[in-house]
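In this text, all values refer to a predicted model and were calculated from it rather than measured experimentally.
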Amino acid sequence: MSFSAILSSLKQLKIEGYFSFKNFDHVAKDFGNRYHFLPLAVLYPKSVSDISATVKHVFNMGTTTELTVAARGHGHSLEGQAQAYQGVVISMESLRAPAMRFHRGELPFVDVSAGELWINILHESLKLGLTPKSWTDYLHLTVGGTLSNAGISGQAFKHGPQINNVYQLEVVTGKGEVITCSEEKNADLFYGVLGGLGQFGIITRARIALQPAPKKVKWIRVLYSDFSTFSNDQEQLISSKDSFDYVEGFVVINRTGLLNNWRSTFKPKDPLFARKFSSEGKVLYCLEVAKYFNPDETANTDQNIDALLSTLNYIESSLFQSEVSYVEFLDRVHVSEMKLQEKGLWDVPHPWLNLLIPRSKIHDFTQEVFGKILTDTSHGPILIYPVNKSKWIKGTSMVTPEEDIMYLIAFLSSAVPSSTGKDGLEHILSKNKKIVNFCGKANIGMKKYLPHYTTQEDWKVHFGPRWETFARRKSTYDPLAILAPGHGIFKRVSLLQQQ
């Protein structure tokens, strides 16, 4: 079909929302800011039937067109995953109906549109004294976006990732069918869509598990100079019954005046010792933990924290503490975003690299990467923390290393657009490539989180023995490979291919 015929057919579709056929540069851009593919049209849906009608229309065109469809949330993809070159992009944030519906009871939950932001769910659920259990570090993301990947943060050791805390989904498949699925009903689709990178269907609604919400958070940072001591303490915390509510960590390489930078948010327990501490020229590991509580529990919470800290082996002079509201803690990254927005440093390329490393290889990894491949952390934070996979549900499309304990290591770099130096895009990408190549040569058993590959062969290696199930689900729910073309996993089935 010609472009004009496709455009004409889309214009004739009876929908409640509308299509835009111009001024859509913004959907050809994402947080990664490296890939820019212009679509043919953008759908701003008002209802699920708008999405269903559009996908069904493209499906019914069959192999006469190469038209694809991508669902776009808040645009936080890193490598064009939510883009559709010469295709249709669905702006999921337009889908806010019906409104959030809360259920209070023994197992509370909220039914919410997949285009809703997690920050909005937080604010609305808190009005009822409730909160979702598991988060990402950044809350200005859509429900559909994080559930299509996994949604991992410092609570994952306790509650699993966000895909662990979903009771039910509504999905529009690649045939345009609207299907409700759960562990009990249409389970194959339910498990496939969770962490499924948008390959089997577009999530349009989700039922999210809730729990009673705390009001306050004790937020603590401590430093280590030895990785083994640091990782032992982290692993001890994630395996303890009565632990913190959040356990993360980050790497600091050759940073001057590190502790002074913390003073705007945190207070040192020992100001004199903290003033003498030097971070310059060192590789340091920061353990970041948080304990949730309500004001009437302050004394017990302090005792509990002291007991937990007494079992750890951090550098004593590096203990920094803060007390903030629950919302302030969860939305902490947004504060950094606003500061970067003011300086014009937010809309830059973000060549992020997120890896899952099995526990048995974490020391090999850190010895080679921190201080050798990477000699500073001036281009953005490097997160490092373990999660206990025994808390994760089995059968989802999310791919992880084989072992029960694995480390999430996130290299969250920002590149200076015009630079050809160490802070430039090419230099950072080169470092990322060296890290990935090392993992391959040393048989680290690494899996990428938020993966991106350019060939199906690479994707087959990524999925390993689970590729067969993944490919079967694709042929079942999206047989023409219409959905989520930006991942480059499957080629659109078209007349050209058949010839």
Side-chain angles (χ1 to χ4, degrees), residues 78-79 81 146-152 156-157 160-166 169 171 173-174 181-184 186-201 203 353-362 364-365 386-410 433 435-481 483-493:
L78 295 171
E79 297 175 274
Q81 288 96 329
T146 67
L147 295 184
S148 295
N149 288 284
I152 305 173
F157 78 94
Q162 289 182 319
I163 57 173
N164 237 62
N165 297 280
V166 183
L169 296 171
V171 176
T173 70
C181 55
S182 65
E183 289 185 355
E184 292 81 32
N186 300 309
D188 185 60
L189 181 62
F190 179 73
Y191 289 121
V193 166
L194 292 172
L197 309 176
Q199 293 301 308
F200 316 123
I203 301 170
L353 178 65
N354 294 270
L355 306 177
L356 296 167
I357 307 291
R359 176 179 179 259
S360 66
K361 298 287 187 176
I362 192 64
D364 296 346
F365 181 91
V387 288
N388 189 338
K389 217 168 70 182
S390 62
K391 298 288 175 82
W392 296 34
I393 58 171
K394 291 178 178 153
T396 70
S397 292
M398 170 69 179
V399 178
T400 62
E402 293 300 313
E403 297 174 20
D404 281 343
I405 291 178
M406 60 187 175
Y407 278 75
L408 174 71
I409 307 185
K433 192 174 180 181
I435 293 167
V436 171
N437 287 346
F438 161 72
C439 289
K441 285 176 187 170
N443 292 317
I444 295 293
M446 168 273 287
K447 291 294 181 184
K448 283 186 182 179
Y449 176 53
L450 310 176
H452 183 257
Y453 296 102
T454 53
T455 71
Q456 192 175 82
E457 286 309 308
D458 285 337
W459 280 109
K460 285 180 180 178
V461 171
H462 172 75
F463 283 102
R466 296 168 66 185
W467 170 255
E468 202 175 303
T469 300
F470 197 81
R472 175 191 59 76
R473 284 171 171 163
K474 185 68 171 179
S475 64
T476 302
Y477 302 112
D478 183 23
L480 298 182
L483 301 177
H487 287 280
I489 307 176
F490 299 96
K491 279 202 165 59
R492 171 71 158 96
V493 178

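- Classified by interplanar angle (parallel below 30°, tilted 30° to 60°, perpendicular above 60°), the ring pair Phe438/Phe365 is tilted.
- At a threshold of 4.5 Å between non-hydrogen side-chain atoms, the residues Val193 and Arg473 do not count as touching.
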Would Trp392 and Ile152 count as a side-chain contact (heavy atoms from CB on, under 4.5 Å) if you check the C-alpha gap in whole Å, the side-chain angles of each, and the deciding distance to 0.1 Å? CA-CA 11 Å; Trp392 296 34; Ile152 305 173; 3.8 Å; yes
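- Contact of the Leu169 side chain with the Leu194 side chain is registered, since non-hydrogen atoms from C-beta on lie closer than 4.5 Å.
- Ring geometry for Trp467 versus Phe463: interplanar angle of 30 to 60°, hence tilted.
- A salt bridge is absent between Asp458 and Lys448; no separation between the charged side-chain nitrogens and carboxylate oxygens falls under 4.0 Å.
- Distance alone, capped at 3.5 Å, places no donor-acceptor pair between the Lys491 side chain and the Gln456 backbone.
- The only member of Ser390, Pro358, Ser360, Pro386 that meets side-chain contact (heavy atoms from CB on, under 4.5 Å) when paired with Ile405 is Pro386.
- A donor-acceptor pair is defined here as one N or O able to donate and one able to accept, closer than 3.5 Å; no such pair exists between the side chain of Gln81 and the backbone of Ala484.
- Between Tyr477 and Val171, every side-chain heavy-atom pair lies at or beyond the 4.5 Å cut-off.
- Note that CG of Leu450 and CG of Leu355 are 10.5 Å apart. Values are rounded to the nearest 0.5 Å.
- A donor-acceptor pair under 3.5 Å links the side-chain atoms of Ser397 to the main chain of Gly192, judged by distance alone.
- With hydrogens and angles disregarded, a donor-acceptor distance shorter than 3.5 Å links the side chain of His487 to the backbone of Leu197.
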